[in-house]
Amino acid sequence: MSASQEIVWRERLTRWLLAEFGATSAETREVAPLSGGAIQENWRLHCVFAGGREAGERRYVLRKDARSTIAASRSRFQEFALVRAAHEGGVTVPRPVTACADADILGAPFAIYEQVDGIGLGPKVVKDTSLGGDRAALTERLARELALIHKIALPRDDLAFLGAPPADPARAAVAELRGYLGSTPLRRPGLEWGLRWSEVQVPAPGEILLTHRDFRTGNYMVDERGLTAVLDWEFAAWGDPMADIGWFCARCWRFGRDDLEAGGIGNRDRFYRAYESASGRQVDDARVRYWEVVAHLRWAAIALLQGWRHASGAEPSLALALTGRIADELEYDVLRMTPPDKWNRAS
Amino acid sequence: MSGDALTGASLLAAAEAAQAALDAGTPPTGSSEARFIAAMIARTRELAKRDQALAPDIAAQEVALVAQFGKGRDLSAVIVAIRSGAFDGDNTLHEALYHLAVLRLRATKPEALAPKERG
């Protein structure tokens, strides 16, 4: 963003916030881009309001759709509704402040959250054990947070945009991922092999609840004492709660700590037990491991979509191009997880 | 088209664009972001070199895969065959796909391979 664009952006935003919060005066002291967020633009705001519902000095994070995005990602307005539902349900999330669907203000819908301190970068969280406090306690805390998310159940008028729940989440996931892979000219038969395995091995449909669908190390923040926020709600949808556990435990999100199967930070069994205790629901290990294969497939498909944002010319970016290449390792992992002797053709 | 839109020229062009931005002082020289991008560019150039060296092997493996499982047409035909269930749990197909995945990963991230697979 150029300096002149930033001035326009800042003035429009300040005017909008003034009206939205019913303040008598508003000043936006700082607007600064935040790193991270491959699918959205994230900005740090420092504002001061006189009067109104946000009176005082405030530090926020503004999330706005990037120039190009991927179909799997929900709008900032929808994401805001999801975070609000989670906040009301007791999940540790940044306080949702306000959202704007009007693309005329900043060029795209946006949402504003209270800034939360902490570190979210997955590799750092895994490697730097001075972060997150006691790791066993963090593992259990994350399991409890996920259990709270899974308490959000149908019907929910505020989440009507999520649509009807899938009758069969696993089959729906396979269809969705085939759609992603088919939406670019990139052809990956190794991933298709994994998807066919997922179709043949599909578990019977079970309970359907709100699932985060990106609950993993790298998408929560910690400080030196423990968890500070669960982030990145843009993929949330009705689904199989075991899919969230599979995503969290998948090898691709352990950042090199394969021995710590719960997100590279803790013991799988400890995570399961804490989840069961908080949710009252038994963890189905076989189903979780099925979803771990699907997790690799899903991350691979998303990585390819990200890479295609670069390769198609929609958003030339070295970071996006390299994200696309992550699919190579995931494809290799999928083929290792689905050898011929792991096919049960009778199912 | 296989994965080639994310390899070779496209990848190098992205690295060169990032280098040009760095040379222009965006982000500021010496900043942690500039150092991060410089490291990413260096990694990309190494990756592109490996891409170039492995491209003939990857292309040959794709041709072999298509000949055996895609009726000699293209990778899309292989995908159609996989989706049809005609090769469910097929050892030969799995081996061919695995070999292709190993070749790709030798370029992208050789350290992620089992030691004996690194070539």
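We use all heavy atoms of the structure for the numbers below, so side chains are in, but hydrogens, waters and symmetry mates are not. Below, chain A is the first sequence line, B the second, and so on; all start at residue 1. What you see is a predicted model, and the numbers here were worked out from it, not measured in a lab.
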Which residues pass the salt bridge (Lys or Arg N to Asp or Glu O under 4.0 Å) test with B/D74, not counting sequence neighbours?
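So B/D74 forms no salt bridge (Lys or Arg N to Asp or Glu O under 4.0 Å) with any residue.
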Chain A contact via [X] - which portion, at a heavy-atom distance below 4.5 Å:
X: B/E117; answer: side chain
X: B/I41; answer: both
X: B/L113; answer: both
X: B/A21; answer: neither
X: B/A112; answer: both
X: B/F87; answer: backbone

Checking the side chain of B/S31 only, and the main-chain atoms of B/P27 only, is there a donor and an acceptor separated by less than 3.5 Å?
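Not at all, since once roles are kept as given, no pair shorter than 3.5 Å links the two residues.
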Does any donor atom in the side chain of B/E95 or B/N91 lie under 3.5 Å from an acceptor atom in the other side chain?
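B/E95 vs B/N91: no donor-acceptor pair found between side chains.
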Quick check for you: among [options], which has the greatest number of heavy-atom pairs under 4.5 Å with chain B?
options: A/A327, A/G307, A/P189, A/G190; answer: A/P189
options: A/G182, A/S312, A/A311; answer: A/A311
options: A/K342, A/E331, A/H310; answer: A/H310

Do the two ring centres, one from B/F69 and one from A/W193, sit under 6.0 Å apart?
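Aromatic pair excluded; centres sit 6.0 Å or further apart.
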Measuring centre to centre across the rings, with the benzene-like ring taken for any Trp, is A/W299 within less than 6.0 Å of A/W247?
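No, they do not, as the ring centres are separated by 6.0 Å or more.
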Is there side-chain contact between A/E292 and A/V294, with heavy atoms separated by less than 4.5 Å?
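A side-chain contact is absent here, since even the closest heavy-atom pair is not under 4.5 Å.
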Quick check for you: among B/R83, B/R43, B/M40, which has the greatest number of heavy-atom pairs under 4.5 Å with chain A?
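Answer, by heavy-atom pair count under 4.5 Å with chain A: B/R83.
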Heavy atoms only, distances under 4.5 angstrom: which of B/D51, B/V78, B/L100, B/L65 has the most pairs with chain A? Name it, please.
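Looking at each of B/D51, B/V78, B/L100, B/L65 in turn, B/D51 comes out on top.
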Take the angle between the ring planes of A/Y220 and A/F248 and call it parallel below 30°, perpendicular above 60°, tilted in between.
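Tilted, since the angle between the ring planes falls between 30° and 60°.
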A/E30 atom CD, over 12 foreign heavy atoms within 6.0 Å:
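Yes, CD of A/E30 has more than 12 neighbouring heavy atoms, counting only those of other groups under 6.0 Å.
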